[in-house]
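Worksheet: the structure to be examined is printed underneath.
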Amino acid sequence: MLRSFLERFFDWLGGSLFRRLALGVALVLLMLGAGALALTSAGLVSISASSGHWPVTSWFLHYSMRRAVSTQSLGIEVPENLADPALIFKGAGHFETGCLVCHGAPGRGQSLIAQQMTPEPPYLPSRISRWEPQELFWIVRHGIKFTAMPAWPALKRDDEVWAVVAFLQQLPEMSPERYRQLAFGERAENPAAVAPEHLRSLSDPLGPVLADCARCHGPDGGGRATGAFPILAGQNQAYLLASLKAYASGSRASGVMQPIAAGLDDEVLGQLAEYYAQLPPVTSRDEAQPDLEAVARGSELAAIGAKEQKVPSCIHCHGPSEAQRNRMYPVLAGQYPDYLALQLQLFAAGERGGTEYAEIMHSAAQRLTPDQMRDLAQFYASLERANRPEQGNNDAQEP
Ligand code: HEC
Ligand code: HEC
Ligand code: HEC
């Protein structure tokens, strides 16, 4: 039986050289596969980072990466404002939080531990020119598999990814002084810039945390006058705490703030909210003259809303008014216009998230035109942020 089967098989095979060749190849592949499986099952494949890659593996992986990034970033539109200083500040602030550990930065050596990874994260300044901006965007947004290069923590926030790209593009020419100035602000020039009355003793566990917040939000909670970071000083305590918790849980999307808030426990978040709420209010000071017509239009819209568009009045919830408002409604007076406009855009696109009250803002923002958002942002930015003596009692009231 078996014999006749084999005989017939060899007859069939003998018929053509091509068939014999194909069988030979198939047999070799089968043996290679079986060999690889045996090696893997026996635990003999080298997975140690300490042994590095063979040159051919390294070449193949990098070649795949270059081709994949190039193809998959096709069609990504590069924004025109990548030279905007506010974007560069925001990108630099995040680079210090999220990238420095692996890649190092001008004046900041690479971590010896990160250098033991395979593949080793490169020092980036000399690499940037190899990539187009949309390719950098793709890399920072998606990360790279089989390397430790992580994806962006909040995939809804492309605006933040572009901020990092804006920063990366400045990197090749960046001096250590410039890096410190961008990523640390006043602390770069003066490490004691956390003003004396705010200076906390070393034993205070909040000290190092506040020093980190101050890199971006400024030692006075005034957002460093860059427009990249919101003013926190004089904000409602209940809103601050709820927002920090929303970042920590991911219900407010920001690749910049989520990793920071998620790393702190609720008790520390509570202390931070209390600290910033009681700081003397700061009002954004824009060098440029405010657009008075925009302010006037914004003022009217904020006061009476727009009936035909079903836009509610804003002052009912955000002031300015004498009435006691729900402390979960943030103070907008004196905030940076660009920050306010960005938040309205994010609400309208359904990409901001926030506290349990955030839903209220989605419908309000969706009905606004981009011009109206700008007018409203200009109006609220033009207001002085008031000292509110009732700040002590911050229990949220029902709306
Ligand atoms: C945990 C370590 C780690 C962190 C954190 C990290 N990276 Fe990477 N990154 C890597 C590794 C590893 C590679 C791949 C290196 C290679 O090409 O072999 C890489 C590659 C890159 C590349 C491509 C470089 C090139 O030319 O090959 C860029 C650009 C980059 N990272 C930017 C960033 C930015 C921006 C951040 C912060 C948002 C960041 N990385 C955070 C480890 C990290
Ligand atoms: C790397 C820069 C950076 C650091 C460090 C940083 N922040 Fe932020 N923070 C931002 C940015 C950018 C935003 C705006 C994010 C957004 O679009 O939602 C923000 C937003 C916030 C908000 C929401 C404000 C509002 O009006 O809704 C709070 C609260 C806040 N940060 C508190 C803190 C605290 C407390 C710390 C220190 C533990 C800190 N931040 C550290 C950059 C930073
Ligand atoms: C019914 C109350 C209510 C009305 C009306 C309202 N808001 Fe809000 N607004 C809120 C609440 C609550 C939040 C906080 C959302 C969150 O983060 O969870 C908020 C947040 C915002 C923010 C983000 C602030 C920050 O620091 O991130 C902006 C900007 C804003 N509102 C603008 C407006 C404008 C402009 C209008 C009028 C068109 C308006 N709001 C109408 C309740 C309201």
Side-chain angles (χ1 to χ4, degrees), residues 58 61-62 65-66 69 90-103 114 117-122 124 127-128 130-131 135-136 139-140 143-144 147-150 152 157 159-161 163-165 167-168 183 209-210 212-217 228-232 235 239-244 246-247 252-257 260-261 263-264 268-269 272-273 275-276 298 301-302 305-306 311-318 326 328-332 335 339-344 346-347 352-361 364-365 367-368 372-373 376-377 379-380 399:
S58 175
L61 290 175
H62 281 109
M65 165 171 116
R66 281 216 71 92
V69 171
K90 197 185 279 190
H94 180 76
F95 194 89
E96 177 71 23
T97 315
C99 320
L100 179 95
V101 272
C102 286
H103 291 291
M117 294 174 170
T118 295
E120 187 182 323
L124 290 174
R127 297 282 186 128
I128 299 303
R130 301 182 187 185
W131 302 102
E135 294 178 323
L136 288 173
I139 293 174
V140 176
I144 306 170
T147 78
M149 176 63 201
W152 192 252
R157 295 295 305 269
D159 61 303
E160 293 182 328
V161 178
V164 174
V165 174
F167 164 78
L168 289 177
V209 181
L210 279 175
D212 194 45
C213 311
R215 288 198 299 113
C216 295
H217 293 287
F229 311 111
I231 295 173
L232 304 180
Q235 184 56 276
Y239 170 74
L240 286 174
L241 178 57
S243 297
L244 286 168
Y247 284 129
R252 181 165 172 188
S254 166
V256 179
M257 275 305 298
I260 292 171
L264 301 168
V268 175
L269 296 183
L272 288 166
Y275 175 80
Y276 281 110
L301 194 56
V311 172
S313 128
C314 322
I315 59 173
H316 173 65
C317 295
H318 293 294
N326 184 330
M328 292 292 280
Y329 299 165
V331 178
L332 306 182
Q335 187 59 278
Y339 171 78
L340 293 175
L342 174 64
Q343 299 303 308
L344 287 172
L346 292 169
F347 277 128
R352 181 183 181 276
T355 69
E356 54 188 303
Y357 290 78
E359 236 3 83
I360 303 176
M361 278 305 300
R367 296 178 184 134
L368 294 167
Q372 287 175 323
M373 291 183 188
L376 286 161
F379 164 64
Y380 274 108

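Positions are given from 1 along the sequence. Whatever order the structure lists them in is the order used to number ligands and atoms, beginning at 1. All values below were derived from every heavy atom in this structure, side-chain atoms included, with hydrogens, water molecules and symmetry-related copies excluded.
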### Task
For atom 1 (C) of ligand 2, find the nearest protein heavy atom and state the residue, atom name and distance (0.1 Å precision).
Cys216 SG, 2.8 Å

### Query
Measuring from the heavy atoms of Trp131, does anything fall under 4.0 Å of ligand 1?
yes

### Query
By number and element, which atoms of ligand 2 are closer than 4.0 Å to a non-hydrogen atom of Leu264?
38 (C)

### Residue and atom name of the nearest protein heavy atom (relative to atom 28 (C) of ligand 2), distance in Å to one decimal
Leu232 CD2, 3.6 Å

### Query
Touching ligand 3 at all, Gln335? Heavy atoms, strictly under 4.0 Å?
no

### Query
Under 4.0 Å from ligand 3, counting heavy atoms only, is it the side chain of Met328, its backbone, both or neither?
backbone

### Proximal heteroatom of His318 relative to atom 8 (Fe) of ligand 3 (N/O/S)
NE2

### Message
Does the residue Ala228 have a heavy-atom contact with ligand 2, meaning some pair of atoms that are separated by less than 4.0 Å?
### Response
yes

### Query
Would Glu96 count as a contact of ligand 2 if the rule is a heavy atom under 4.0 Å away?
no

### Message
Please confirm whether Met117 approaches ligand 1 to less than 4.0 Å, judged on its heavy atoms.
### Response
yes

### Message
With a cutoff of 4.0 Å, is Ala242 in contact with ligand 3, counting heavy atoms of the residue only?
### Response
no

### Message
Using a 6.0 Å cut-off, check whether atom NE2 of His316 has over 12 heavy atoms from anything other than its own residue.
### Response
no

### Query
Can you tell me if Gln372 has a non-hydrogen atom under 4.0 Å from ligand 3?
no

### Task
Please work out whether any backbone atom (N, CA, C, O) or any side-chain heavy atom from C-beta onward of Thr355 is under 4.0 Å from ligand 3, and answer side chain, backbone, both or neither.
both

### Query
So is Pro150 close enough to ligand 1, meaning a heavy atom under 4.0 angstrom away?
yes

### Summary
Taking atom 8 (Fe) of ligand 1 as the apex, SD on Met149 and NE2 on His103 give an angle, to 10°, of 170°

### Query
Heavy-atom contacts under 4.0 Å between Arg352 and ligand 3: side chain, backbone, both, or neither?
side chain

### Message
With the threshold set at under 4.0 angstrom, would you say Leu342 reaches ligand 2 through any of its heavy atoms?
### Response
no

### Query
Under a 4.0 Å heavy-atom limit, does Pro230 contact ligand 3 with its side chain, its backbone, both, or neither?
neither

### Query
Any non-hydrogen atom of Pro330 lying under 4.0 Å from ligand 3?
yes

### Query
With a cut-off of 2.8 Å, does Met361 place any N/O/S atom under that distance from atom 8 (Fe) of ligand 3?
yes

### Query
So which protein heavy atom does atom 26 (O) of ligand 2 come closest to, and at what separation?
Tyr339 OH, 3.3 Å

### Query
For atom 22 (C) of ligand 2, what's the nearest protein heavy atom and its distance?
Tyr247 CE1, 3.7 Å

#### Entry: Part of Leu344 within contact of ligand 3 (heavy atoms, under 4.0 Å)
side chain

### Message
Applying a heavy-atom cut-off of 4.0 Å, say which part of His62 lies close to ligand 1: side chain, backbone, both or neither.
### Response
side chain

### Query
Where's the contact between Leu332 and ligand 3, heavy-atom distance under 4.0 Å: side chain, backbone, both or neither?
side chain

### Task
Have a look at His217, Arg157, Arg252, Gln235 and point out the one with the heavy atom closest to atom 17 (O) of ligand 2.
Arg157

### Query
Would you say Arg215's side chain and Ala183's backbone share a donor-acceptor pair under 3.5 angstrom?
yes

